[in-house]
Engineer: 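Structure in structure tokens, see below.
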Amino acid sequence: MKLLVKGGKIIDPANNFFQVADILVRDGKIAAVARNIEADNAEIIEAKGKLVMPGLIDMHVHLREPGLEAKETIATGTRAAAMGGFTAVACMPNTKPVVDNRALVEFIKSRAASEGAVHVFPIGAITKGSEGIELAEIGDMKLAGAVAVSDDGRPVMNAQVMRLAMQYAQMFDLPVISHCEDTSLVAEGVMHEGYHSTVFGLKGITSAAEEVMVARDIILAELTGARVHIAHVSTAGSVELIRMAKRKGIKVSAEATPHHFTLTDEAVGNYDTSTKVNPPLRGAGDVRAVKDGLRDGTIDVIATDHAPHTVEEKDVEYQYAPFGMVGLETAVGLAFRELVRPGILSVEELVMKISCNPARILGLNKGHLGRGADADITIVDPDLKETVDVNKFASKGKNSPFHGWELIGLPVVTVVGGRIVMRDRKLVL
Amino acid sequence: MGLNRKDLLGMQDLTAEEIQLILETAEPMKDIIRRQIKKVPTLRGKVVINLFYEPSTRTRTSFELAGKYMSADTINISTSTSSVVKGETLQDTAKTLEVMGADVVVIRHSAAGAPHILSKHLSASVINAGDGFHEHPTQALLDMFTIKEKKGRIAGLKVAIVGDILHSRVARSNIWGLARMGAEVRVIGPATLVPPEIEKLGVTIYTSVEEGVRDADVIMVLRIQLERQQKGLFPTIREYARLYGITAERVSLARPDVMIMHPGPMNRGVEIAPEVADSMQSVINEQVTNGVAVRMALLYLLAGGGNPHETVG
């Protein structure tokens with residue numbers, strides 16, 4: 001089975017290749033990248049005027065399976081990924097039960113193999129049940145295929161446990177992904193603490209709740225030499241702490257979500273629960289700082305923290321709604337709107353942050369388009385316009401504050417392992 | 001004429017003209033309450049439902065009487081359980097009431113924004129009777145009515161709000177309303193009970209009650225809740241009373257004709273000394289009477305009906 005992508009502009013930062021060329025795919029691998037390739041019996045994808053990238057990788061999603069299938073399944077979540085131009089996702093372990101052992105890692109891999117539309121890489125829990133007390137079987141999960149460990153959604157509050165986790169994970173060269181949140185400072189907060197929380201009468205979450213944990217985990221990363229990845233950076237103070245840590249040579253990487261570089265806490269107006277997310281939407285200065293961090297390389301990765309919930313769970317009083325919003329199907333459009341068109345990131349830099357760097361951090365041989373590479377390819381039409389309609393999402397989750405927004409710059413083809421899974425904004429499965 | 005709006009969700013989005021209209025409309029309503037026969041047919045055939053998810057005696061009774069004095073059919077629904085615990089969503093509950101014929105739904109809820117959910121789902125008018133720490137607009141309106149009645153004006157007055165500003169919907173609504181009508185608003189409280197960036201609402205913050213009440217025309221005392229102490233926001237009730245309790249001595253720092261207000265219920269001897277609560281300067285009982293008048297005015301302005309002057313019962 002052959003596939004020929006013709007005439008697109010190739011954006012392949014890993015090989016420093018940025019030219020108009022064709023890509024020939026054979027047996028799930030990239031067979032050739034050259035001008036004017038001729039191939040018999042190949043399915044042709046016309047990509048003239050479009051951007052051809054190594055498949056996008058979202059290293060922070062919640063697929064909700066097992067146990068929370070009303071919110072999302074591996075089948076629906078990976079279809080949402082395909083629609084969003086992602087060829088691979090890493091899924092967080094906060095399912096029911098928590099992915100804290102080999103059996104659950106294998107379950108996810110086997111479900112993904114049979115039902116998934118894109119590659120799925122499980123992330124294992126740091127501690128058993130993500131309770132923050134005893135280390136999970138990190139070594140065995142690594143052997144089963146876990147690409148990182150994280151207690152995402154439930155921060156490891158005990159510093160000694162986190163230190164031990166870092167020392168232990170380092171033996172397996174697994175990154176520790178830290179959801180930085182001091183729960184004692186969060187108290188019962190539901191949105192960013194500031195002017196808007198005062199006006200809306202909602203309990204605030206101080207920026208310090210994130211920053212004290214970012215500082216702690218940077219210090220522990222230095223102590224242990226472990227690779228620490230800071231999830232969903234949301235505050236100016238966090239960006240500055242990570243910048244200083246990198247300057248010191250500490251092995252820390254970081255990600256930012258599209259919603260944190262797009263929206264401020266003002267969006268909570270009228271108590272729209274689709275804006276309720278953890279960490280919360282922050283102030284305008286924080287949004288600027290996150291963009292600066294993306295621009296200067298302090299923040300390595302764009303990841304969505306795709307967190308689907310049911311309509312019933314979200315359509316309640318603000319303080320009772322669960323945290324989280326979906327992100328897979330709006331990420332590329334928002335990145336073009338907020339980062340590429342304003343000149344904060346070039347397309348090359350965007351590809352680094354949404355494909356190359358996640359691959360490097362997770363230790364995946366992906367994120368490049370050279371000969372012999374896995375044929376994971378995303379084609380983006382930088383001029384295509386579409387109005388976001390949550391009712392058309394492939395995800396079960398409709399909890400997006402971007403409903404009704406017009407986005408320009410959208411993925412039009414997603415190829416996973418040489419197989420087309422999305423074409424012309426429609427799933428092909 | 002009525003208000004050109006379906007709902008009253010907060011003071012934040014009321015214009016000075018709208019506030020003026022509500023306060024002026026409340027004046028003839030107060031006359032009705034003073035009559036031997038306290039009944040006008042203005043809202044005959046209208047249904048007002050008081051949907052209270054938090055315990056309340058004062059506000060609920062006030063709305064109920066306001067509706068009854070105007071001949072509306074009023075129903076009280078009190079439930080201490082939130083929609084989440086009860087298993088039925090707030091909007092389903094409200095929709096049920098609407099299809100039974102409610103014209104006005106008055107809602108009190110512990111969650112900020114609960115009235116906004118109703119507002120989105122109902123074609124009936126929604127009146128916020130207090131939502132979480134967000135707003136309590138009818139309390140602010142009755143406070144402003146009381147101030148205006150006693151002082152003849154609001155503009156230019158120095159109003160000191162003392163206590164737990166952080167958790168107070170009464171404070172937020174009064175700040176919006178008083179600032180919009182030109183008062184100089186001060187908030188006084190321990191730093192742990194002052195919400196962030198409240199100064200952007202146009203108020204001055206004091207942590208010293210002596211400085212904050214100096215030359216004040218109005219001292220508005222807020223209720224302090226024991227549960228705040230339990231969460232560590234201040235050391236003891238005893239220390240709170242010592243540092244922030246409104247005593248006769250502290251009142252003497254204000255203007256001689258200062259008005260003492262409290263939205264109730266009071267913790268006598270904690271945030272307010274009994275002799276202050278019962279002093280000549282206290283208008284705490286007036287506030288309660290005026291609450292009924294202001295709520296009559298609002299029901300009239302939102303639920304329509306004829307001219308109250310023409311419909312003498």
Side-chain angles (χ1 to χ4, degrees), chain A residues 182-209 211 235 237 264-276 280-286 309-323 399 401 403-404, chain B residues 9-13 53 82-94 107 109-121 128 130-137 165-173 175-176 187 192 194-203 205 227 231-233:
Chain A
D182 183 317
T183 52
S184 67
L185 279 170
V186 169
E188 294 152 336
V190 296
M191 68 172 290
H192 176 57
E193 180 180 287
Y195 171 77
H196 294 289
S197 66
T198 291
V199 168
F200 301 148
L202 292 170
K203 285 196 178 170
I205 301 174
T206 168
S207 296
E211 291 156 5
T235 79
T264 67
D265 55 343
E266 199 176 353
V268 178
N270 214 25
Y271 304 93
D272 174 4
T273 58
S274 74
T275 64
K276 186 174 173 185
L281 301 173
R282 300 287 187 182
D286 297 304
H309 292 292
T310 64
V311 172
E312 295 71 34
E313 289 167 308
K314 273 289 195 182
D315 202 5
V316 295
E317 296 86 331
Y318 200 87
Q319 69 195 56
Y320 303 138
F323 289 100
N399 46 311
H403 179 69
Chain B
L9 302 181
M11 296 301 292
Q12 186 184 358
D13 58 349
Y53 284 87
S82 74
S83 56
V84 170
V85 177
K86 201 167 144 200
E88 182 178 50
T89 67
L90 182 56
Q91 50 268 45
D92 282 345
T93 306
I107 178 170
H109 201 289
S110 60
H116 301 67
I117 296 179
L118 293 196
S119 156
K120 255 186 289 184
H121 286 86
N128 181 359
D131 63 326
F133 313 141
H134 174 231
E135 283 228 42
H136 190 356
I165 313 293
L166 181 62
H167 301 98
S168 177
R169 53 194 175 212
V170 174
R172 282 173 180 74
S173 284
I175 290 168
W176 287 118
V187 298
T192 48
V194 176
E197 303 188 42
I198 187 110
E199 66 280 5
K200 287 192 184 160
L201 271 56
V203 303
I205 301 168
E227 116 189 40
K231 293 214 164 169
L233 291 162

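As the structure is a computational prediction, the values presented were derived from the model and not from experiment. Reminder, nothing fancy here: chain letters follow the sequence lines and each chain counts from 1.
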Engineer: If the contact rule is any heavy atom under 4.5 Å from chain B, which residues of residues 202-209 of chain A qualify, in numerical order?
Structural biologist: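 Residues of residues 202-209 of chain A touching chain B at under 4.5 Å: A:Leu202, A:Lys203.
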
Engineer: For the interface with chain A, which of B:Ala112, B:Pro195, B:Ser119 has the highest count of heavy-atom pairs at distances below 4.5 Å?
Structural biologist: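 Ranked by heavy-atom pairs under 4.5 Å with chain A, first place is B:Ala112.
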
Engineer: Can you say whether B:Gln12 sits under 4.5 Å from chain A via the side chain, the backbone, both, or neither, judging by heavy atoms?
Structural biologist: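 Contact with chain A: side chain only.
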
Engineer: Hey, are B:Thr93 and B:Glu88 close enough side-chain-wise for a donor-acceptor pair under 3.5 Å?
Structural biologist: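 Yes, B:Thr93 and B:Glu88 have a side-chain donor paired with an acceptor closer than 3.5 Å.
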
Engineer: For B:Gln91, is it the side chain, the backbone, both, or neither that has a heavy atom closer than 4.5 Å to a heavy atom of chain A?
Structural biologist: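 Contact with chain A involves the side chain of B:Gln91 alone.
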
Engineer: Is it true that, when you exclude A:Glu313 itself, more than 12 heavy atoms of the residues, nucleotides or ligands shown sit nearer than 6.0 Å to its CD?
Structural biologist: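 It does: A:Glu313 CD has more than 12 such atoms within range.
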
Engineer: Return yes if some donor-acceptor pair links the side-chain N/O of A:Asn270 with the main-chain N/O of A:Asp272 below 3.5 Å, else return no.
Structural biologist: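 No: the side chain of A:Asn270 does not pair with the backbone of A:Asp272.
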
Engineer: Looking only at non-hydrogen atoms, find the nearest pair between B:Arg172 and B:Ile165 and report the distance.
Structural biologist: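 Looking at all heavy atoms of both residues, the closest pair is NH1-O, 3.2 Å.
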
Engineer: Can you list the residues that meet the side chain to side chain contact (heavy atoms under 4.5 Å, CB included) rule with B:Arg169, with sequence neighbours excluded?
Structural biologist: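 So B:Arg169 forms a side chain to side chain contact (heavy atoms under 4.5 Å, CB included) with B:Glu54, B:Arg108, B:His136.
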
Engineer: Are a donor atom and an acceptor atom from the side chains of B:His134 and A:Tyr271 found within less than 3.5 Å of each other?
Structural biologist: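 Per modelled atom types, B:His134 and A:Tyr271 side chains form a pair under 3.5 Å.
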
Engineer: Would you mind checking which part of A:Val199 comes under 4.5 Å of any heavy atom in chain B, side chain (CB onward), backbone (N, CA, C, O), both or neither?
Structural biologist: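 Contact with chain B: backbone and side chain both.
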
Engineer: Which bit of A:Glu188 is near chain B, if near means a heavy-atom gap under 4.5 Å: side chain, backbone, both or neither?
Structural biologist: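 For A:Glu188, the side chain is the part near chain B, not the backbone.
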
Engineer: Find out whether B:Trp176 and B:Leu201 are in side-chain contact, i.e. whether some heavy atom of one side chain is under 4.5 Å from a heavy atom of the other.
Structural biologist: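 Yes - at least one pair of side-chain heavy atoms lies under 4.5 Å apart.
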
Engineer: For residues A:Leu281 and A:Thr275, report the shortest heavy-atom separation together with the two atoms involved.
Structural biologist: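 Where A:Leu281 meets A:Thr275 most closely, the heavy atoms are CD1-O, 3.7 Å.
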
